[in-house]
Amino acid sequence: MSTHFRVTYATLSADNEELQAAYDAGLRLATGWLGAVIPGYVSGQPRDAGELFTVTSPGDLSLTLCRVHAATRADVDDAVRAAAQAAPRWGRTPWPERVAVLRAAADLISERSNELAALMSLECGKNRLEALGDVEEAADLIRYYCQQVADSDGFTAPMGSLNPREKNVSVLRPYGAWAVISPFNFPMALAAGPAGAALAAGNTVLLKPSPQGSFTAAKLYECFRDAGLDPDVFHLLPGGDDTGAALVAHPGVSGLTFTGSYAVGMSIYRQFAGSGYPKPVICEMGGKNPAIVSDRADLDVAAAGVARSAFGLSGQKCSACSRVYVQRDVLEDFTAKLAERAGSLIVGDPTSRDAFVGPVISADAVARFERAVEHARADGDVVTGGSVLRGAGALPDGYYLAPTVVTGLPADDWIFRDELFVPLVAVAPYDTLDEAMTLANDTDLGLTAGFFSADPGEVEEFLDGIQAGVVYVNRAAGATTGAWPGVQPFGGWKGSGSGGKAGGGLYYVQQYLREQSRTVVA
Ligand code: NAD
């Protein structure tokens with residue numbers, strides 16, 4: 001059996017030789033999978049009638065990872081029908097049985113973490129520790145939701161009684177067939193998390209992964225299958241945006257979780273509700289996340305926290321910090337420290353042990369970066385970075401970008417407004433905390449926000465006024481690094497999240513359930 005380590009996003013150093021050797025073994029195993037042709041799965045049966053698309057590695061464009069059969073309209077119809085038919089059976093299955101099979105799936109994910117992480121590094125460019133963290137988070141999210149179902153006795157609670165002959169009970173019950181549409185940047189955790197919550201709650205699941213996460217999703221599917229999950233309860237529908245749209249429009253889908261960009265999420269939110277009666281839809285969307293650095297801050301801690309948040313996964317985390325407001329008298333010092341850190345980060349092949357910054361996901365992302373850098377050069381300053389490193393030096397032929405810090409742009413510039421999802425952070429000065437808070441909150445989004453100050457009064461003001469779902473103060477590890485089920489739940493406010501209940505948090509799994517109040521007279 002492979003060696004297995006517990007890695008969270010807070011695992012800061014990678015100097016554990018055993019961990020590295022275990023990942024290397026996982027990489028050898030995952031490399032042996034390359035070239036696979038991946039079908040969808042409906043009721044456990046492979047579906048290969050759909051058009052093939054090719055998945056290549058963003059870190060090495062000469063590396064073809066797999067070819068995938070996109071689900072056809074008939075595959076979607078069959079899967080929704082089977083999921084809807086199986087839903088009453090799965091929903092009535094006593095919760096200890098449901099939870100047992102899901103916990104077995106979580107254990108398989110943990111057992112296979114090295115090869116799953118290595119595959120993820122190849123498929124979405126995540127570095128070693130980030131990929132291991134994503135896999136472990138997937139398993140822990142499932143475990144956490146199972147524990148919540150267990151702790152609440154399957155969300156059954158006795159209520160008061162107005163008459164001694166009446167027995168009143170509140171029960172949370174599932175909705176039916178639940179679609180999960182996931183993004184490229186957390187191909188395990190944001191597929192397994194919502195799917196795990198839906199399944200633990202007693203819904204059946206239709207998973208539509210990101211095209212650039214298809215291989216990882218197929219391996220996740222295998223974990224549920226190998227754990228013995230009823231094949232009618234979990235269906236895999238790979239494909240592009242059209243496959244997702246077919247699920248959103250399907251009348252047989254009773255609930256839906258989408259994680260992805262704001263524009264797509266909002267259109268799904270509007271469309272899914274308009275089908276006769278309100279249906280639950282959870283949309284977790286983008287971020288344009290600020291950090292505020294006061295002149296009372298430890299500037300080294302602030303620079304470390306911002307650099308980790310801005311450049312981890314090449315700026316492609318929904319939690320990524322992309323704009324920093326710095327009190328004017330420390331602007332120069334802070335910017336110099338941030339630039340130094342940015343310049344010292346190792347950009348490289350994400351499967352290599354030293355790389356912190358891997359590639360971005362696509363040529364589109366490179367183009368967004370180039371446009372922003374060109375604009376910053378014209379209207380402001382590029383303090384460090386700014387270059388496209390594709391094939392530079394010893395780098396493979398992939399979408400590598402230099403971690404970039406820009407300044408000198410007005411605070412209402414589009415670079416402070418649009419989610420770019422690249423390793424670029426913009427810095428601007430402020431004079432009063434009030435002004436900084438107004439700037440930080442001046443966005444339709446509200447995912448993460450950071451604050452650096454040694455002044456407790458300022459910290460209180462920040463915590464009271466900031467409009468974001470995940471906030472951190474004086475944290476050298478920055479945003480999300482360390483977010484973990486049952487420890488630091490993760491979810492957005494405003495345009496960053498329609499559910500308003502954080503994943504891995506106290507109130508998440510209940511969103512997959514509806515209340516039934518039962519009165520029985522003896
Ligand atoms: P995306 O919106 O392009 O795609 C997400 C998923 O939606 C993919 O599976 C895609 O195929 C599908 N899709 C696209 N158009 C669709 C449509 N019209 N109907 C149905 N499905 C459709 O996002 P992405 O590029 O994969 O991911 C990056 C985005 O996700 C960023 O904006 C990031 O901030 C966000 N994100 C948010 C969170 C969070 O927790 N709030 C977490 C991770 C990523």
Side-chain angles (χ1 to χ4, degrees), residues 9 53 55 58 68 70-71 76 123-126 130 134 137-138 141 179-191 193-195 206-214 216-217 236-250 253 256-272 281-289 309 312-322 360-362 364-365 368 418-422 443-448 468-470 479-480 483 488-505 508:
Y9 302 119
F53 63 92
V55 181
V68 185
V76 172
E123 192 171 29
C124 85
K126 223 166 246 216
E130 296 269 14
D134 189 331
E137 187 187 18
L141 283 166
V180 173
I181 300 177
S182 55
F184 79 83
N185 63 342
F186 283 84
M188 282 291 284
L190 292 178
L206 306 134
L207 173 62
K208 205 303 278 178
S210 164
Q212 193 70 38
S214 304
T216 308
L236 177 66
L237 297 168
D241 305 352
D242 292 354
T243 310
L247 272 173
V248 173
H250 205 296
V253 176
L256 185 144
T257 304
F258 164 86
T259 312
S261 57
Y262 173 76
V264 174
M266 284 311 296
S267 80
I268 289 177
Y269 183 74
R270 292 190 191 96
Q271 193 193 338
F272 192 67
V281 52
I282 302 169
C283 289
E284 300 292 350
M285 298 174 282
K288 186 67 194 177
N289 306 305
S309 311
L313 190 55
S314 291
Q316 301 170 109
K317 292 188 195 176
C318 48
S319 60
C321 171
S322 55
V360 292
I361 201 69
S362 64
D364 279 356
R368 279 199 306 277
D418 297 349
E419 185 187 46
L420 298 174
F421 238 47
V422 294
T443 168
D444 287 337
L445 306 174
L447 202 45
T448 72
V470 185
T480 65
Q488 283 160 324
F490 191 81
W493 283 15
K494 302 201 290 190
S496 293
S498 70
K501 309 287 193 300
Y508 184 75

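Counting convention: from 1, in listed order, for ligands and their atoms alike.
- Neither the backbone nor the side chain of K317 comes within 4.0 Å of ligand 1, counting heavy atoms alone.
- Of the heavy atoms in T243, none comes closer than 4.0 Å to ligand 1.
- Every residue meeting the side-chain contact (heavy atoms from CB on, under 4.5 Å) condition with E284, not counting sequence neighbours, appears here in chain and number order: T259, I282.
- At a 4.0 Å heavy-atom cut-off, ligand 1 touches T259 through backbone and side chain alike.
- The closest side-chain heavy-atom distance from S322 to E419 is not below 4.5 Å.
- Residue S267 has no nitrogen or oxygen atom sitting less than 3.5 Å from a nitrogen or oxygen atom of ligand 1, judged on distance alone.
- Neither the backbone nor the side chain of I361 has any atom closer than 4.0 Å to an atom of ligand 1 (non-hydrogen atoms only).
- Residues P58 and V360 have side chains not in contact (no heavy-atom distance under 4.5 Å, counting atoms from C-beta outward).
- A salt bridge between K494 and D444 is absent, with no side-chain N of the basic residue lying under 4.0 Å from a carboxylate O of the acidic one.
- Counting heavy atoms under 4.0 Å from ligand 1, residue L190 touches it through the side chain alone.
- Proximity of D241 to ligand 1, defined as any heavy-atom pair under 4.0 Å, is shared by backbone and side chain alike.
- Close N/O approach between K208 and ligand 1 is found [any backbone or side-chain N/O within under 3.5 Å].
- Scored by the side chain to side chain donor-acceptor pair (under 3.5 Å) test, S210 finds no partners at all (sequence neighbours excluded).
- Under 4.0 angstrom from ligand 1, there are no non-hydrogen atoms of A263.
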